[in-house]
Amino acid sequence: MEKEVKWWKNAVVYQIYPLSFMDSNGDGIGDLSGIQSKLDYLKNLGVDVIWLSPVYESPMDDNGYDIKNYLAIDKIFGTMEDMKNLIEKTHQMGMRLIMDLVINHTSDEHHWFLESKKSNDNPYRDFYVWRDQPSEIGSVFGGSAWEYDEHTDSYYFHLFSKKQPDLNWDNPKLREKIYAIVNFWLDMGIDGFRLDVIDLIGKDIDQKILSDGPHLKKRLKELYDQCFQGRDIMTVGEMPGLSLESAAAITSGKNPLLDMIFQFSHISLDEIPGKGKWALRPLDLIEFKNVFEKLQTTMFNHGWNSLFLANHDQPRAVSRYGNLAYRVESSKMLATILYGMQGTPYVYQGEEIGMTGVKFDNIDQYKDIETKNIYQILSNQGIPHEEIMASIYAKGRDNSRTPFQWDDSRNAGFSTGNPWLDLNPNYKEINVKKDLSNPDGVYHYFKKLFQIRKSNQVFLDGKFIPFMKDNPELFGYYRKNKKDFVLIIGSFNDQSMQIEIPGKILEVLITNNPTIEVTNKMEIPPYYACILRIKGDQ
Ligand code: TEU
Ligand code: CA
């Protein structure tokens with residue numbers, strides 16, 4: 001057993017997408033005061049850390065992931081005073097707050113870029129990546145990653161939108177400025193960062209190496225030395241392109257470069273390999289289980305992982321992996337499977353009440369730049385509207401960005417004004433008020449699950465051992481340490497099925513269906529889930 005367990009290993013992190021969480025002043029946009037008014041709701045769920053998606057000053061081309069000024073709060077979210085109040089209030093309630101740090105790129109309206117564009121010899125020219133000729137690297141949001149700028153007759157690099165020019169991390173002057181920004185926020189009292197696409201800062205563009213590039217480790221080390229070292233904070237790196245082995249190396253050791261990572265090996269399994277996120281194929285549960293087994297075993301005692309199924313870029317977990325005909329059962333089942341594993345649990349806002357994806361008829365109702373771009377690109381290729389919409393319904397980022405559903409009143413209690421993005425019309429059925437009033441609601445289940453995790457050491461340090469590994473409809477695994485032995489079971493089956501549980505069943509820690517008697521040979525209903533304490537020396 002570890003002598004001193006880092007607090008963030010036992011924490012529950014809740015991701016807030018500020019635009020869509022709670023609007024306090026009726027302008028249709030969520031804001032910091034809105035968040036502050038809902039801290040009780042989060043505390044009661046068992047949340048320890050709040051992760052705020054970006055709230056810095058931004059033209060909002062990519063909803064705040066395009067930063068214009070790192071040292072200011074965007075006025076749509078409130079003021080610096082509001083931010084300080086939010087930090088203080090969060091701390092008073094015994095929770096912590098981490099911010100999103102987007103340092104692979106800025107907005108093209110950032111003053112560094114406005115300067116950089118001016119001339120080849122401007123002092124800020126090398127803050128960004130300029131070349132005389134483009135290469136064939138493509139942007140994540142479609143089209144080329146190079147944009148021509150007439151003024152200096154050259155191209156700048158942008159891996160995301162053309163309003164998000166990539167910073168040139170080879171430039172020590174730029175790096176120094178970034179460290180000052182990071183320290184500014186840490187000195188203000190925030191408790192750490194989620195680092196956006198941080199696997200990209202070591203890239204070598206001319207060699208076409210982007211993620212996990214040759215400079216990554218030394219850059220992370222410098223960032224750690226200049227900013228994180230000696231502070232009681234948590235850092236989580238978003239690393240979509242990183243291998244598991246590198247992820248493990250970066251997060252292991254006594255003073256890891258980053259405390260944990262988001263890695264994405266489970267995320268692309270419903271895509272046709274090599275065809276990108278819009279080319280759909282059904283999920284194969286065996287593959288899904290194998291990916292998690294690899295993740296759990298590779299990183300066991302070697303690095304630390306973040307447990308997530310959804311975020312603001314991914315579809316709603318219950319729509320993607322569950323079954324809307326069994327919305328409540330499958331929401332709970334997915335949570336059981338996910339949060340039974342080793343790592344720090346992340347809840348994406350709305351997951352705790354089983355919010356679902358959305359299907360808007362009209363492409364104009366979508367606001368996400370990626371969705372808008374891809375619609376244009378695919379329709380130019382002659383792909384029929386229905387086919388494109390099917391991909392957008394399945395994978396579009398606005399699925400998880402629709403306003404939070406607090407109650408069944410107008411705009412789901414999110415705003416008294418006109419919401420910036422339409423609500424999911426199902427808010428009369430699915431909302432906090434209704435879910436909380438039901439003792440069998442999803443929220444109460446999440447809460448209980450987190451309590452169980454925190455009061456049983458085995459969830460922290462138990463080894464992951466697969467159960468019924470070859471079954472294509474059941475996700476099961478054991479967690480085992482010296483003292484304790486638990487079995488986690490989740491059915492992905494829309495039919496009842498028979499299972500056999502070896503060993504003596506000592507206790508049912510949690511289940512999404514208490515009417516079912518747990519025995520060594522049992523029939524489980526669709527989307528059944530439970531965690532059992534077992535006796536045995538398997
Ligand atoms: O996302 C990075 C990323 O690579 C993906 O999650 C990507 O946005 C998605 O696959 C596109 O389908 C981060 C942020 O989370 C995202 O919101 C930003 O748009 C992006 O970086 C650029 O800052
Ligand atoms: Ca507002």
Side-chain angles (χ1 to χ4, degrees), residues 15 17-37 51-56 58 60-67 73-79 82 100-108 138-142 145 158-167 193-201 203 210-212 236-242 261-264 267-268 270-271 276-279 308 310-315 346 348 367-374 391-392 394-401 403-404 411 414-421:
Q15 183 190 354
Y17 198 63
L19 287 171
S20 301
F21 191 60
M22 181 66 202
D23 174 21
S24 72
N25 62 353
D27 64 357
I29 303 171
D31 47 52
L32 296 176
S33 303
I35 295 170
Q36 190 166 323
S37 70
W51 151 27
L52 282 191
S53 274
V55 291
Y56 313 93
S58 162
M60 299 288 154
D61 184 56
D62 187 21
N63 293 358
Y65 285 89
D66 48 324
I67 297 172
I73 298 295
D74 198 284
K75 56 182 184 314
I76 64 173
F77 296 123
T79 61
D82 294 334
D100 215 307
L101 186 64
V102 190
I103 48 180
N104 173 68
H105 45 268
T106 66
S107 163
D108 65 340
S139 152
V140 173
F141 294 156
H158 63 92
L159 209 41
F160 295 91
S161 104
K162 62 181 180 208
K163 284 185 66 62
Q164 291 168 297
D166 278 52
L167 287 164
F193 289 106
R194 175 265 190 188
L195 298 100
D196 190 66
V197 286
I198 201 69
D199 57 329
L200 294 174
I201 65 169
K203 60 183 168 281
L210 301 173
S211 174
D212 208 355
V236 48
E238 188 211 23
M239 303 214 162
L242 207 71
I261 41 94
F262 291 120
Q263 69 77 46
F264 284 70
I267 283 295
S268 50
D270 55 5
E271 297 165 10
K277 74 179 258 185
W278 306 102
F308 77 104
N311 60 34
H312 64 292
D313 295 329
Q314 299 299 327
Y346 283 72
Y348 177 68
K367 302 288 179 231
D368 173 29
I369 178 163
E370 182 191 42
T371 298
K372 289 186 168 304
N373 283 357
I374 201 67
S391 286
I392 292 175
K395 301 298 278 297
R397 303 197 297 180
D398 283 338
N399 275 306
S400 55
R401 298 176 179 186
F404 196 89
N411 295 331
F414 162 71
S415 172
T416 55
N418 285 325
W420 71 278
L421 173 66

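Numbering starts at 1 and runs along the sequence shown. Owing to the predicted nature of the structure, the values given are computational and were not obtained by experimental measurement. Counting convention: from 1, in listed order, for ligands and their atoms alike.
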* Examine the side chains of Asp100 and Tyr65 and answer whether a donor and an acceptor come within less than 3.5 Å of each other. => yes
* Euclidean distance, Leu200 CG relative to Ile103 CD1, rounded to 0.5 Å -> 11.0 Å
* Atom pair CE/OG of Met239 and Ser211 - distance to nearest 0.5 Å -> 8.0 Å
* Asked: Does a side-chain N-to-carboxylate-O contact under 4.0 Å join Lys75 and Asp27?
  -> no
* Salt bridge present between Lys163 and Asp61 (N-O < 4.0 angstrom) -> no
* **the Ca ion (ligand 2) to Asp31: nearest N/O/S atom name** => OD2
* To do: Please calculate the OD1(Asp23)-the Ca ion (ligand 2)-O(Ile29) angle and round it to 10 degrees.
  => 80°
* **Angle subtended at the Ca ion (ligand 2) by Asp27 OD1 and Asn25 OD1, rounded to 10 degrees** => 80°
* Exceeds 12 heavy-atom contacts within 6.0 angstrom, atom CG of Asn25 -> yes
* Structure fact -> Contact set, ligand 1, heavy-atom distance under 4.0 Å, ordered by chain/number, equals Asp62, Tyr65, His105, Phe141, Phe160, Gln164, Arg194, Asp196, Val197, Glu238, Pro240, Lys277, His312, Asp313, Glu370, Arg397, Arg401
* Answer whether the closest heavy-atom distance between the side chains of Phe141 and His158 falls below 4.5 Å. => no
